[in-house]
Amino acid sequence: MVFILGTNFNEARLVRKTLQSFYGVGPQVCARLLARLYIHPTARLGSLNSQTVLDITSILSEMKIENDLRRELRENISRLKSMGTYRGKRHAMGLPVRGQNTRNQTNSAKKLNRVERIG
Amino acid sequence: MSSHIPLQLTMSLQTCWRCLSKTSKPPLFSLQHPLQSWLLLPATIAPFTTSASLAKQIVNSPKVPKKKKENNVLKVATGFRKKSKKPTDVGKGRRPAPGERKALRKRVVLSNTNALEVHGLQDIDAESMMNESFRGQVLGIPGRIVDRLRAVEAFKVPQGWALFRRPAMLMRKETLDFGREVEGIARDEKKKSIRRVYVGERGSGKSLMLLQAMTMAFLKDWVVINIPNAQDLISAQTEYGPVPDTTPTLYAQRNYTATLLSTIARSNPSLTDLQLTQPTNLSDIPIPIPPNISLARLASIGSSDPEIAWPIFQVLLSELKKPSRPPLMFCLDGLAHIMCDTRYIAPPEYKPIHAHDFTIIKSFLDHLSGAENLPNGGAILAATSNSNNPVIPSLDLALSQLRGNQTVERDPFAKYDERVLGVFNKGGVEVQTIGGITKEDARALMEYWAKSGVCRQRVDEGFVGEKWTLSGGGVVGELERAVIRMRV
């Protein structure tokens, strides 16, 4: 098992998929992070040496990911709400924010748009 | 009405009244009563049964079918429940272990016990490889050479080795020419080195030409380094990292280099007789290397530790260039792959790394271009591929110019890579086109196929001519498809 940022991962797992499992790390960020540490895209966690694993953890800990990023998102939405903006209201009502029609198919908005957005 | 029907029936059937009355009753009855009552009644007990014993039987008897019915129902129900259970693992099979499918995909079969043994098949040796009398003959590859060729991965999966009892090869013109050149290098005092790129259409035998060259090198006890597929070096499937203190930055592939060193140690037994002449510099290799060890041992040290694989490879190459060392053959298949950007990315620009910035590729290209020479002679051979090659306009331009087409002009819309053109600018690189084989060679090959039992037709002039033409003028791969693999 490989310990990265408070989580244990299986050694057979791809490094790329492991990094992308963190909220805030997508394909672009992941590709850069891998290149920065000279890890090839098909590397698995088991092939990394301990120093590289520590480097990954230290780089990830400097980045705004996971709960920090989620908190920022919630703060942004609550700021809109407290200012009384239209976008804040729409978030509070669970309706589309960017002018979409609401006659039907607002599932994503219903699911995601709220003041305490999950992520 | 009741009398009318029997009368009609008597007339037609001519039976007695008694019978008719019986036959006529059911339809009449059915008209009066609905059929449903008939169907339902037999299940019930007749209330007017005269016999008490019979009645008892009848009263008891319904229980039996009822039980049966219940049982049936129960059985059905249990059976259904069983079906609804999660199916067991029967027939599911075992999941292949990690690497098992790849091993199967990469497996090279070199022997087929079902194939007929060709009597009188001679083995190639140091004499026959340049003897013009063997032109157009098929010669077997000796077992010890087969093992070494297998170690350097000279045999490829799509090649039809699995159809024959043992590996053998056709002595075509290019083969014998190369054999003479190899012999010339051995005799020549100047220790000339051949720098050559094999080009030709798909299936013409470029990779096989490399195999034949390596066979000859092994026969003459040269040291052979082979990169069987250049795509492995650029496809970002193996580890990479910058080499310290290099400007512009070079990148080493530790694991690939370690594997290459292991291959070199296994395939070149002559390295055990060669000793390390000078102690290694500790700044290059962090671990102390014992002095006077054999070069095979040096290579195996490098293969066991990927961290020092590249410095060890450098030391090995420099040792092989020392005086009184055997000539060196460095082969690479799939030249176009190392003439473009790789799939690797490097900071700070986060752009793809050019293939020429990788150490093994750079080392090969330095030798091919003549930037580094081989003091003991040898051959630097590369083969292009036409079935798996990226489009590299610079390489196409350079190769066509080297082939003698000086009139080829640059395409104004194509992007040319000066680094690629620079490899061939220094001159000295030959481009040899591998074309189709002659009809005589084709006939010899087909006779060998017939003796091996894979070609069932009679090999005569008409058959050879037809297949030779069908194969685009003796392109060996196409010839094999037309004669061996195609079943009409």
Side-chain angles (χ1 to χ4, degrees), chain A residues 1-66 68-69 72-73, chain B residues 95-102 105-106 229-246 248-259 286-287 304-310 337 341-355 357-361:
Chain A
M1 300 296 273
V2 179
F3 194 68
I4 295 173
L5 211 70
T7 317
N8 267 320
F9 292 100
N10 192 341
E11 286 186 354
R13 225 177 130 100
L14 285 172
V15 181
R16 185 165 51 88
K17 298 296 277 186
T18 309
L19 293 180
Q20 289 185 25
S21 69
F22 293 106
Y23 181 77
V25 182
Q28 300 292 319
V29 175
C30 174
R32 291 215 159 196
L33 208 154
L34 290 179
R36 187 170 158 191
L37 295 171
Y38 302 107
I39 302 168
H40 64 279
T42 54
R44 293 183 187 273
L45 284 177
S47 68
L48 302 181
N49 57 26
S50 53
Q51 184 54 47
T52 316
V53 174
L54 290 175
D55 288 346
I56 290 176
T57 309
S58 68
I59 292 172
L60 286 178
S61 59
E62 287 166 12
M63 289 162 63
K64 186 172 253 190
I65 52 170
E66 288 283 303
D68 293 342
L69 191 63
E72 187 188 2
L73 182 81
Chain B
R95 264 183 79 84
E100 192 179 329
R101 280 174 291 194
K102 189 178 182 184
R105 199 173 69 234
K106 300 270 179 187
N229 187 6
Q231 194 180 17
D232 295 344
L233 288 166
I234 61 135
S235 56
Q237 304 281 318
T238 181
E239 284 190 43
Y240 74 115
V243 180
D245 308 324
T246 46
T249 314
L250 291 178
Y251 298 89
Q253 287 151 310
R254 296 179 305 172
N255 284 2
Y256 191 94
T257 316
T259 317
I287 62 164
S304 59
D305 188 358
E307 296 292 335
I308 54 163
W310 172 243
H337 285 292
D341 282 339
T342 63
R343 302 283 298 277
Y344 291 104
I345 301 170
E349 290 93 11
Y350 297 104
K351 282 183 179 167
I353 306 169
H354 197 275
D357 291 332
F358 281 90
T359 49
I360 298 177
I361 295 172

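Order of the sequence lines fixes the chain letters, A, B, ..., with proteins taken first and strands second; residue numbering starts at 1 for each chain. In what follows, every heavy atom counts, from backbone to side chain, and hydrogens, waters and symmetry copies are set aside.
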**Complete:** Under a 4.5 Å heavy-atom criterion, the part of residues 40-64 of chain A in contact with chain B comprises A:H40, A:P41, A:T42, A:S47

**Prompt:** Parallel, tilted or perpendicular for A:Y38 and B:Y240, by the 30°/60° rule?
**Reply:** perpendicular

**Asked** Which heavy atom in A:A35 sits nearest to a heavy atom in B:P347, and how many Å separate them?
**Response** O-CD, 3.2 Å

**Prompt:** Which bit of A:L37 is near chain B, if near means a heavy-atom gap under 4.5 Å: side chain, backbone, both or neither?
**Reply:** neither

**Message:** Can you confirm whether A:R13 is buried at CZ, in the sense that more than 12 heavy atoms of other residues, nucleotides or ligands lie under 6.0 Å from that atom?
**Reply:** yes

**Asked** How about B:D245: does its CG atom have over 12 heavy atoms from other parts shown lying under 6.0 Å from it?
**Response** no

**Item:** B:Y350, part contacting chain A, at a heavy-atom distance under 4.5 Å
**Value:** side chain

